[in-house]
Amino acid sequence: MKCIIVVIYSIVLKAFLHVLWSFTRVIHVPFFCFCLTAGLTVDNSSSIRILDKRQDCNQLGLKNCQIKNCSDELIVIPRQHAPNRPEMGSHILGVWMDERGPVSVVNVSWTIKSDGNVKVLRGSQIDFLDESTNQSLCVRFVFILSQQLNPNHSKWKFSLDGLVVEPHHSYRLSILNLPEPADDPERLRMNINIPGCDDTRIQEAKMCLENGSLWNPHINHSVDLTKGKFSIDVHFEAAQYSERYQVSIHSKGFNSSKSVSKENKTSLTVTFEFGWGQLPQCKMELLIQPFFVGCKNDCWRPKKDIDLCQYYPPRTLIIKACLALLVFGGFLAFVLWRAFQKDPVNSSLSAAKQQPEGFQVRERRRLLVIYSLDHPLYKNIVLKLSAFLATKCGTEVFLDLLDSTRLGVLGSIQWLDWHREQIENSKDKILILCSRGVKAKWKAMCGDKQVFLREDARSVMGDMLSPALSLLVPHFIRSASFEKYIVAYFDDVCSEDDVPSPFNITLRYKLMKQFEELFFRILDTEMHEPGIVNHIDGLSEEKYHQCASGRALRDAIEAFHAYQLEHPQWFEEELLESSKTSSEICDDAKSTINLMTYREPDSAQVTSHLNTQETDFTVNTSGLYVAEELQMCTSVEFNQLISENMQHV
């Protein structure tokens, strides 16, 4: 009895399925069965699904055409009996309608090669993969082709239309002709990159609309100024899929925000009110943040600039007046500070506070430092020495590197001559730091090979030593001027041989070994008195580096000393070919003489003076040595400079 029931049930089921298939064939919707069996339609709108409205199975000339899923196993045959792979097709991006509204879709098409393999072709399989979510879809077209070309005498063309895609997603498509070859399946592969919602082809898709793809806010604003307060009205158009907006006005140091709901309105207005004093700047930025269904808090925010400067000229005048008062106040403070610095009582007190413990001076001394830019490391030593003299010793140091502004206005000769006159009319001193560059430039001025250093070329002041020697040596050779000049050199990086011959008549100090004696010379104070040897704590060779400025000076000297050991030819490496000719250097010396209002004697007068006026400028027998040294200088212009000054003694 049970067997009879099973047989009857099987017969009835087969009859029902046959009737159902016939019905679908009649109404030409084979894709209905495909959707039913494949289960491609899913409730999740972001899943891969298909909206196929084309009936490729209805093409004339197709036999046994079906569209179904890929649940059946593929038939595999040898390569020589398998069809060729499909030819390259194309894809079209657009927007279709489904029950959820407009969606972005892509239509994919491919063609069949018109060759003898058409007879063994039994369909095509399409695999569609979303690389962003790893979701996939597989569709099979099953058919038999009766001829190599379709009834229109063109290649057979198939398409899979209505594949639902998402913006900014990447898809991989592969198409395989059936049956599959056993060894190496030949597939047609395509990569499809879907653009963002700013692409006009998919802007009208619901997903893009929910992200504000078609929203144009048409922002406008109006400003009202009454009783010292600003009132800014912001007008803009609302969007379909955003119910809430945040409107902000901000600038540097100021921000004001307000939230507003759409409430079935198509246009919205937000009003801001604030006083003049609240705005640090008159130029501001207006920002509208929508909250669309799709992008939530990360939606596109339109901006617009707002210029309020034209609305409050009184405030501009107040700012300008305040700035003018600040400038005037700063200038007045500077004048008072300079007056305080020049006041002898206050200056003495300030200098006294800066002196080492146990030693006081009655007045602050000034010191002009003359040197040669031999090397960047040597320039650093000069700067550190100046800092040590100023901070530890309370000495006011004049250095061209620290007075570039005034030097640029006056010029090198005028700057040097002005400081020389100031020092000669006071108890202040001139410190000449001798080095290889000083000796080389002196010899060049006396007719030897011209010297031009790399550091001079880098300096905006250029070579300051040569004009200094031209200006100061004629004054130095006067016996009455010896006390104004101090000659020294750094024993670790220079030697006594670096001292030019005119300076051999005076005492040469080794730094930092004899720095304490040099400082007593600056103060015009005797270090050695009957039965007493005066000392200043912290200035000896063993202790000067115990303070910060002294430690920096010692480190600078050691750095240059180490560099000299590694580069024995360092001075030759710093030499450049001079851009000046010998005649130009002589012209510079002549211009120096003219600035000092000296007259030019002829060569006979120079020779006569050197032979007959020796006793006029010598204090002891060492003066004869000066005359002999000066006669070694072969430059006529420089001899004229020296002889002219000797006539004035």
Side-chain angles (χ1 to χ4, degrees), residues 367-390 397-416 419 430-446 448-473 487-495 497-500 503 511-512 552-582 584-585 588-589 592:
L367 186 68
L368 173 64
V369 180
I370 303 299
Y371 66 102
S372 172
L373 285 170
D374 289 5
H375 191 275
L377 293 176
Y378 184 74
K379 179 174 71 174
N380 190 38
I381 294 175
V382 176
L383 288 171
K384 300 304 181 185
L385 174 65
S386 302
F388 181 72
L389 285 165
V397 180
F398 295 106
L399 193 68
D400 54 2
L401 291 173
L402 305 178
D403 198 13
S404 57
T405 301
R406 184 184 299 178
L407 208 159
V409 174
L410 297 178
S412 58
I413 296 296
Q414 290 84 347
W415 185 84
L416 290 165
H419 281 293
I430 297 176
L431 174 61
I432 302 174
L433 294 175
C434 296
S435 62
R436 291 193 62 179
V438 175
K439 183 65 173 290
K441 291 178 181 178
W442 167 256
K443 294 173 67 177
M445 295 175 65
C446 293
D448 206 337
K449 182 180 179 181
Q450 189 174 347
V451 175
F452 194 75
L453 296 175
R454 192 184 307 275
E455 200 62 19
D456 287 331
R458 295 193 186 111
S459 174
V460 296
M461 290 87 70
D463 177 19
M464 289 290 293
L465 177 68
S466 297
L469 292 177
S470 302
L471 184 67
L472 299 178
V473 168
V487 180
Y489 61 94
F490 290 94
D491 192 34
D492 289 336
V493 295
C494 305
S495 68
D497 293 336
D498 296 331
V499 179
F503 304 135
L511 303 179
M512 296 294 291
L553 174 58
R554 182 196 62 181
D555 294 342
I557 296 172
E558 291 178 353
F560 192 29
H561 180 69
Y563 181 86
Q564 290 178 340
L565 294 177
E566 294 180 3
H567 303 82
Q569 302 297 322
W570 67 269
F571 186 74
E572 288 75 15
E573 294 172 358
E574 289 297 309
L575 292 177
L576 298 173
E577 290 189 9
S578 175
S579 60
K580 286 188 173 184
T581 64
S582 299
E584 290 174 324
I585 295 175
D588 289 344
T592 303

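Quantities reported herein were computed from a predicted structural model and do not represent experimental measurements. All residue numbers refer to positions in the sequence shown, counting from 1.
Using a 4.5 Å heavy-atom threshold, the side chains of F490 and D498 count as separate. W442 places none of its side-chain heavy atoms less than 4.5 Å from the side chain of D448. The closest side-chain heavy-atom distance from L416 to I370 is below 4.5 Å. Between L399 and L383, the closest side-chain pair of non-hydrogen atoms falls below 4.5 Å. Counting heavy atoms from C-beta outward, L431 and Y371 have side chains that stay 4.5 Å or more apart. For the pair L511 and D491, the minimum side-chain heavy-atom distance is 4.5 Å or more.
Here the CG atom belonging to L472 is positioned 5.0 Å from the CD1 atom belonging to I430, to the nearest 0.5 angstrom. Rounded to the nearest 0.5 angstrom, M445 CE and S466 OG are separated by 5.5 Å. To the nearest 0.5 Å, atom CG of residue L465 and atom OG of residue S470 are 9.0 Å apart. For the atom pair CG of L410 and CH2 of W415, the computed distance is 9.5 Å after rounding to the nearest 0.5 Å. If you take NE2 on H375 and CZ on R454, they are separated by 9.0 Å, rounding to the nearest 0.5 Å.
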Report task. Could you check L402 against V397 for side-chain contact (heavy atoms from CB on, under 4.5 Å), going step by step and ending with a plain yes or no? Result -> CA-CA 9 Å; L402 305 178; V397 180; 5.6 Å; no

Query - Steps toward side-chain contact (heavy atoms from CB on, under 4.5 Å) verdict (L576, L453) - result: CA-CA 6 Å; L576 298 173; L453 296 175; over 6 Å; no

Result block: side-chain N/O donor-acceptor pairs under 3.5 angstrom for residues 553-566, not counting sequence neighbours:
residue: R554; atom: NH1; partner: H545; partner atom: ND1; Å: 3.4
residue: H561; atom: ND1; partner: D492; partner atom: O; Å: 2.9
residue: Q564; atom: NE2; partner: V493; partner atom: O; Å: 3.1

Output side-chain donor-acceptor pairs under 3.5 Å for residues 432-441, partner residues at least two apart or in another chain, one line each.
residue: S435; atom: OG; partner: D374; partner atom: OD2; Å: 2.7
residue: R436; atom: NH2; partner: E572; partner atom: OE2; Å: 3.2
residue: K439; atom: NZ; partner: D497; partner atom: O; Å: 2.9
residue: K441; atom: NZ; partner: S372; partner atom: OG; Å: 3.3
residue: K441; atom: NZ; partner: D456; partner atom: OD2; Å: 2.8
residue: K441; atom: NZ; partner: D463; partner atom: OD1; Å: 3.0

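Shown here are the ring-ring contact (aromatic ring centres under 6.0 Å, His included) partners of F398, two or more places apart in sequence or in another chain: H419. Checked against side chain to side chain donor-acceptor pair (under 3.5 Å), E455 has the following partners two or more places apart in sequence or in another chain: K379, R458. For Y378, there are no side chain to side chain donor-acceptor pair (under 3.5 Å) partners, not counting sequence neighbours. Looking at residues two or more places apart in sequence or on another chain, you find a side-chain contact (heavy atoms from CB on, under 4.5 Å) between S459 and L373, M461.
E573 and H567 make their closest contact through OE1-CD2, 4.3 Å (heavy atoms, listed as atom of the first residue, atom of the second, distance).
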